[in-house]
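First comes the structure, then the notes that go with it.
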Amino acid sequence: MKTLRYLAAIILEKFPVATVKLRYLLRFGRLPDFKNPKDLNEKILYLKLFSDTSLWTQMADKYRVRDYVKSCGLESMLIPLYGAWERVEDIPFDDLPQQFILKANNGDGKGTNVKVDKTKMNEQDWQNLYKRLQGWLDDKRIGALSGEPQYRGIKPMILAEELLPCGEGETSLIDYKLWSFNGEPYSFFVCSERQADGYHATVDCYDLEWNRFPENMQASPHMTVATKAIPRPACLDDMIKAARILSKPFPEVRVDLYAVGGKAYFGELTFTSLGGMMDFYTPEYLMEMGKKVTIPNLG
């Protein structure tokens with residue numbers, strides 16, 4: 001199965017436009033409009049296929065993006081980093097704390113992070129971990145199946161970061177994903193109860209005043225719409241200010257953040273949410289957000 005996926009990625013990487021059209025057709029039953037993109041999905045697809053995405057490569061690299069965050073004066077929002085390595089055998093596990101999180105710097109959100117608690121690891125657990133990390137490093141075609149160019153230029157590395165604690169009663173950290181269009185924050189895509197595979201989660205929608213709009217969401221194969229509200233984060237204003245700074249150079253980007261102990265932490269910058277084929281928003285809300293994205297020189 002891995003070999004077939006790898007061969008498919010090689011082929012599809014050479015034909016990104018056809019790949020995107022086919023996947024979009026299979027998901028939505030119609031072809032995307034690249035001549036006059038309207039909703040947020042179509043505009044994301046247009047940007048990733050036909051615009052200059054060279055800056056995206058640094059921004060999508062979970063290691064190099066830290067320099068961008070620092071240059072924006074937001075270093076205090078970075079999760080403490082223990083180290084970054086290009087080879088599994090170079091990771092000094094004995095020197096790392098008892099608990100930490102490992103991430104692939106080129107991960108696309110699909111299971112490329114793992115929590116480690118050394119007090120609960122046996123020999124087989126360590127072997128499985130080494131194998132998993134090596135798999136991350138060996139995967140040189142992340143994003144190819146979705147036509148996402150930003151991942152091609154990222155040199156794979158493994159990062160070790162401080163493990164942020166979950167809130168009381170939470171099974172995972174809450175992701176506060178703030179959509180920003182042409183440098184202006186617009187709305188939050190909130191993910192909670194995320195499962196270990198990186199796909200399945202409970203989702204919801206909030207505006208900048210923390211008013212909840214679950215009617216903008218719809219269930220999808222991997223997403224369940226929340227049935228209750230999440231309390232307004234104490235650092236909401238800090239999140240919005242940070243997103244306004246970080247998103248300034250881009251027509252659209254999602255600034256992904258965490259809130260722990262009343263403090264906002266930077267997660268990552270996401271340019272191609274679900275590859276630009278989001279099915280967890282209603283068509284009406286995708287259209288509403290798409291109208292906020294101005295693409296330079298389009299048409």
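Positions are given from 1, in the same order as the sequence printed here.
Between Arg254 and Asp256, at least one side-chain N (NZ, or NE/NH1/NH2) sits under 4.0 Å from a carboxylate O, which counts as a salt bridge.
Distance check, rounded to the nearest 0.5 Å: SG of Cys166 to CG of Leu173 gives 4.5 Å. Rounding to the nearest 0.5 Å places CE of Met287 at 7.0 Å from NZ of Lys38. In this structure, Thr57 OG1 and Asn106 CG are separated by 11.0 Å, a value rounded to the nearest 0.5 Å.
Each of Glu161, Glu162, Glu268 was checked for a salt bridge (charged side-chain N to carboxylate O under 4.0 Å, His left out) with Lys103, and the lone residue meeting it is Glu161. The only option from Lys228, Glu193, Arg194 that meets the side-chain hydrogen bond (donor to acceptor under 3.5 Å, both in side chains) definition with Thr202 turns out to be Glu193.
The main-chain N or O of Met277 is found under 3.5 Å from a side-chain atom of Arg27 such that the two form a donor-acceptor pair. Remark: side-chain polar atoms of Asp61 are not paired, donor with acceptor, to backbone N or O of Ile154 under 3.5 angstrom. The backbone N or O of Ser76 sits less than 3.5 Å from a side-chain atom of Lys263, completing a donor-acceptor pair. At distances below 3.5 Å, not a single donor-acceptor pair connects side-chain atoms of Lys115 with backbone N or O atoms of Leu163. Arg244 places no side-chain N or O within donor-acceptor distance of the main-chain N or O of Ser180, the cut-off being under 3.5 Å.
Between Asp90 and Ile158 the shortest side-chain heavy-atom distance does not fall below 4.5 Å. Residues Ser192 and Ile230 are in side-chain contact: their nearest non-hydrogen atoms beyond the backbone lie under 4.5 Å apart. Side-chain contact between Tyr46 and Pro32 is absent, with no heavy-atom pair separated by less than 4.5 Å.
Hydrophobic cluster membership differs between Val114 and Met157, with clusters built from Ile, Leu, Val, Met, Phe, Trp and Tyr side chains linked at under 4.5 angstrom. Note: the hydrophobic cluster containing Tyr265 does not contain Leu102 (ILVMFWY, side chain heavy atoms under 4.5 Å, direct or indirect links).
Crowding of Glu123 atom CD: a count of heavy atoms from other residues, nucleotides or ligands under 6.0 Å not exceeding 12. The environment of Glu75 atom CD is sparse: at most 12 non-hydrogen atoms of other residues, nucleotides or ligands sit within 6.0 angstrom. A 6.0 Å sphere centred on NZ of Lys155 holds no more than 12 heavy atoms belonging to other residues, nucleotides or ligands. Within a 6.0 Å sphere centred on NZ of Lys118, heavy atoms belonging to other residues, nucleotides or ligands number more than 12. No more than 12 heavy atoms of other residues, nucleotides or ligands sit less than 6.0 Å from atom OH of Tyr63.
Checked against the 6.0 Å centroid criterion, the rings of Phe189 and Tyr285 do not qualify as a close aromatic pair.
Using a 30° and 60° split on the angle between ring planes, Tyr186 and Phe181 fall in the tilted class, from 30° to 60°. By the 30° and 60° cut-offs, the orientation of the rings of Phe100 relative to Phe93 is tilted. Taking the six-membered ring for Trp and thresholds of 30 and 60 degrees, Tyr68 and Phe250 have ring planes more than 60 degrees apart, a perpendicular arrangement. By the 30° and 60° cut-offs, the orientation of the rings of Tyr206 relative to Trp210 is parallel.
Scored by the salt bridge (Lys or Arg N to Asp or Glu O under 4.0 Å) test, Asp204 finds Arg212 as partners (sequence neighbours excluded).
The minimum heavy-atom distance between Glu184 and Ser247, with the atom names listed, is N-OG, 4.3 Å.
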